[in-house]
Amino acid sequence: PFRKAVDVSNNDFDKAFPDRLKYKTQLGRLKFDIIHAFILRGPEYYADIIDIYKEFRFDLLVADCAFTGIAFVKELMDKPVISIGVLPLNENSKDLPPAGLGMEPSYSFFGKIKQALLRGVTNRLLFRGPNKVMHRLLDKYKIYHGGKSVFDLQVAKADLLLQSGTPGFEYYRSDLSSNVRFIGPLHPYSANKHQPQWFDRRLNQYRKIVLVTQGTVEKDINKILIPTLEAFKDSDTLIVATTGGSGTALLREKYPQRNLIIEDFIPFADIMPYADAYITNGGYGGVMLSIENGLPMVVAGVHEGKNEINARVGYFKYGINLKTETPKPLQISNAVNEVMSNKLYRYNLEKIAGEFSWFKPNQLFAQYVEQILAVPEQRAQSGKRKEERIIAG
């Protein structure tokens, strides 16, 4: 467990950072999160890792792409770092709108000019605060940043960024950094492979089946769960809702209709093959699984980086992006009917699901680890000198 770093238990950011609730706008909350949940934690992560290193002399750090200890380990410990892209690629590009705002790209001449202006405004004004905090922090530790933005630094400081997903779920960039590799969709490890499969006989009694979830982080059942249940109660569509443990008993009492199944948790592998559509706030892992199952999506979420995930779902026509945290029942029902009736969504999903199948993440990861650890002798000698300084405190 963390000793010096703030621990966000159960992904409850509001509890860990109570001031976060003061920010109601998407941009205000995004800037708060970047500074307090990520940037300021970097030195704390580094301090914890130093303590670990005194007992466990690791040769390589593997961390998710939002882990702000990456630069400290890479530069101050001279240890190679592999970053795992568990979110859409957030590096800025001359071909794209600014990262972090959930905007879809335009590749036209005038579209590119508009995007260039927006990138300048975003860097100098909108994200000026987070960038200044990051730069001051890195200056304090004498870590070179070159004035890069928060988003670009996280990519630049890793030896390799292994991106979950494939090129078919990422916008085209002519200037993609040379340390970025796609490794296919990454899924959570499951230790319960021998557990009995979840099943409900109603799965065989309805022609139309919709899965809805808001993940385990989002606790407000009024955002997606209740509007979906309201939209489809007493209809000819079976709704399977997973709550992540938020309000399950309350929802069952309020919505006893036969066409509604409400559970704390259902393995997606057990339900997605039956479903015809997937409603979600845009968790990256769930979206990856939805693509693999050829399941068209209705996505509604803008915070915690979900705006970028959902923008891609809408842009590539893998589903419909409602561009809100609080969709209305009619919006949801109309979008579900559209993705189930329009064959374009399933056609696009079949194409990218085929692309997903070409990638073997575990084998690719092992190859990249081997490649990184085959370091020249010069780096090894430099590492020994830094190791002596680290152990000495």
Side-chain angles (χ1 to χ4, degrees), residues 198-200 202-203 205-291 293-304 306-307 309-311 313-314 317-342 345-346 349:
W198 177 89
F199 182 77
D200 188 296
R202 283 171 286 181
L203 293 174
Q205 296 170 358
Y206 284 81
R207 254 185 356 100
K208 293 184 287 186
I209 299 172
V210 174
L211 170 65
V212 58
T213 183
Q214 11 179 98
T216 55
V217 177
E218 181 54 70
K219 308 297 182 186
D220 187 354
I221 59 177
N222 292 290
K223 286 190 174 179
I224 293 180
L225 292 175
I226 285 181
T228 300
L229 296 171
E230 283 290 335
F232 290 100
K233 64 183 181 183
D234 293 317
S235 71
D236 63 351
T237 300
L238 179 66
I239 300 297
V240 181
T242 64
T243 69
S246 297
T248 307
L250 177 71
L251 290 171
R252 283 175 175 169
E253 184 178 347
K254 186 176 180 180
Y255 297 101
Q257 287 84 359
R258 189 179 183 282
N259 72 309
L260 307 178
I261 298 173
I262 302 169
E263 300 282 358
D264 286 330
F265 171 77
I266 300 171
F268 279 179
D270 294 350
I271 178 58
M272 279 190 169
Y274 289 94
D276 300 293
Y278 176 48
I279 305 171
T280 173
N281 57 353
Y284 201 55
V287 167
M288 295 286 105
L289 282 169
S290 189
I291 290 172
N293 283 273
L295 199 54
M297 288 167 270
V298 173
V299 292
V302 296
H303 297 306
E304 292 89 34
K306 291 182 174 63
N307 58 342
I309 300 167
N310 295 342
V313 170
K317 296 290 186 293
Y318 301 141
I320 292 175
N321 180 15
L322 297 180
K323 301 179 182 180
T324 178
E325 284 269 309
T326 53
K328 304 298 182 192
L330 185 60
Q331 283 180 285
I332 291 175
S333 60
N334 287 343
V336 167
N337 291 333
E338 166 65 14
V339 297
M340 287 201 296
S341 61
N342 189 333
Y345 297 100
R346 285 198 176 273
L349 284 163

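Bear in mind the structure is a predicted one, so any value in this text is a computation, not a measurement. Every heavy atom of this structure was used, including side-chain atoms; hydrogens, water molecules and symmetry mates were not. The chain is numbered in sequence order, starting from 1.
Atom OG1 in T324 sits 9.0 Å away from atom CD1 in I224 (nearest 0.5 Å). Note that CZ of R252 is 8.0 Å distant from OG1 of T243, once rounded to the nearest 0.5 Å. Distance OG1/T242 to CH2/W198: 10.0 Å, rounded to 0.5 Å. For the atom pair CE of M297 and CG of L322, the computed distance is 12.5 Å after rounding to the nearest 0.5 Å. Interatomic distance, CD1 of I262 versus CD of E253, reported as 11.0 Å (0.5 Å rounding). The OH atom of Y278 sits 6.0 Å away from atom CG of L211, with the distance rounded to the nearest 0.5 Å.
The two residues A241 and L229 have their closest heavy-atom pair at CB-CD2, 4.5 Å. Of all non-hydrogen atoms in G283 and I309, the two that sit nearest each other are C-CD1, 4.5 Å. When every heavy atom of K223 is checked against every heavy atom of P327, the shortest pair comes out as O-CD, 3.2 Å. Of all non-hydrogen atoms in L260 and L238, the two that sit nearest each other are N-CD1, 4.4 Å. Across every non-hydrogen atom of V339 and Y345, the tightest pair is CA-CD1, 3.8 Å. Nearest heavy atom pair, residue R202 against residue R258, reads NH1-O, 2.8 Å.
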Might you work through the side chain to side chain contact (heavy atoms under 4.5 Å, CB included) test for S333 and L330, ending with a clear yes or no? CA-CA 5 Å; S333 60; L330 185 60; 3.9 Å; yes

Show your reasoning for whether side chain to side chain contact (heavy atoms under 4.5 Å, CB included) applies to I239 and K233.
CA-CA 8 Å; I239 300 297; K233 64 183 181 183; over 6 Å; no

**Q.** Residues N321, V313; criterion side chain to side chain contact (heavy atoms under 4.5 Å, CB included); working and verdict
**A.** CA-CA 7 Å; N321 180 15; V313 170; 5.7 Å; no

List the steps and the verdict of side chain to side chain contact (heavy atoms under 4.5 Å, CB included) for L203 and I271. CA-CA 9 Å; L203 293 174; I271 178 58; 3.7 Å; yes

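Residues L349 and L295 fail the side-chain proximity criterion, which asks for heavy atoms closer than 4.5 Å.
No side-chain donor-acceptor contact under 3.5 Å links E230 to the backbone of P329. In this structure, N310 contributes its side chain and K306 its backbone to a donor-acceptor pair below 3.5 Å. Counting only distance, with no hydrogens or angles, the side chain of N259 and the backbone of F232 share a donor-acceptor pair below 3.5 Å. Here the side chain of E325 pairs a donor or acceptor atom with the backbone of V302 at under 3.5 angstrom. Using modelled atom types, one side-chain atom of T213 and one backbone atom of G215 make a donor-acceptor pair closer than 3.5 Å.
Just one residue in the list I279, I332, I221, T326 forms a side chain to side chain contact (heavy atoms under 4.5 Å, CB included) with P227, and that residue is I332.
Remark: D276 engages K208, I209, M340, R346 in a side-chain contact (heavy atoms from CB on, under 4.5 Å) (not counting sequence neighbours).
Annotation: K323, atom NZ; neighbour count of heavy atoms from other residues, nucleotides and ligands within 6.0 Å does not exceed 12.
Between Y274 and F199, the two ring planes are tilted [angle within 30° to 60°].
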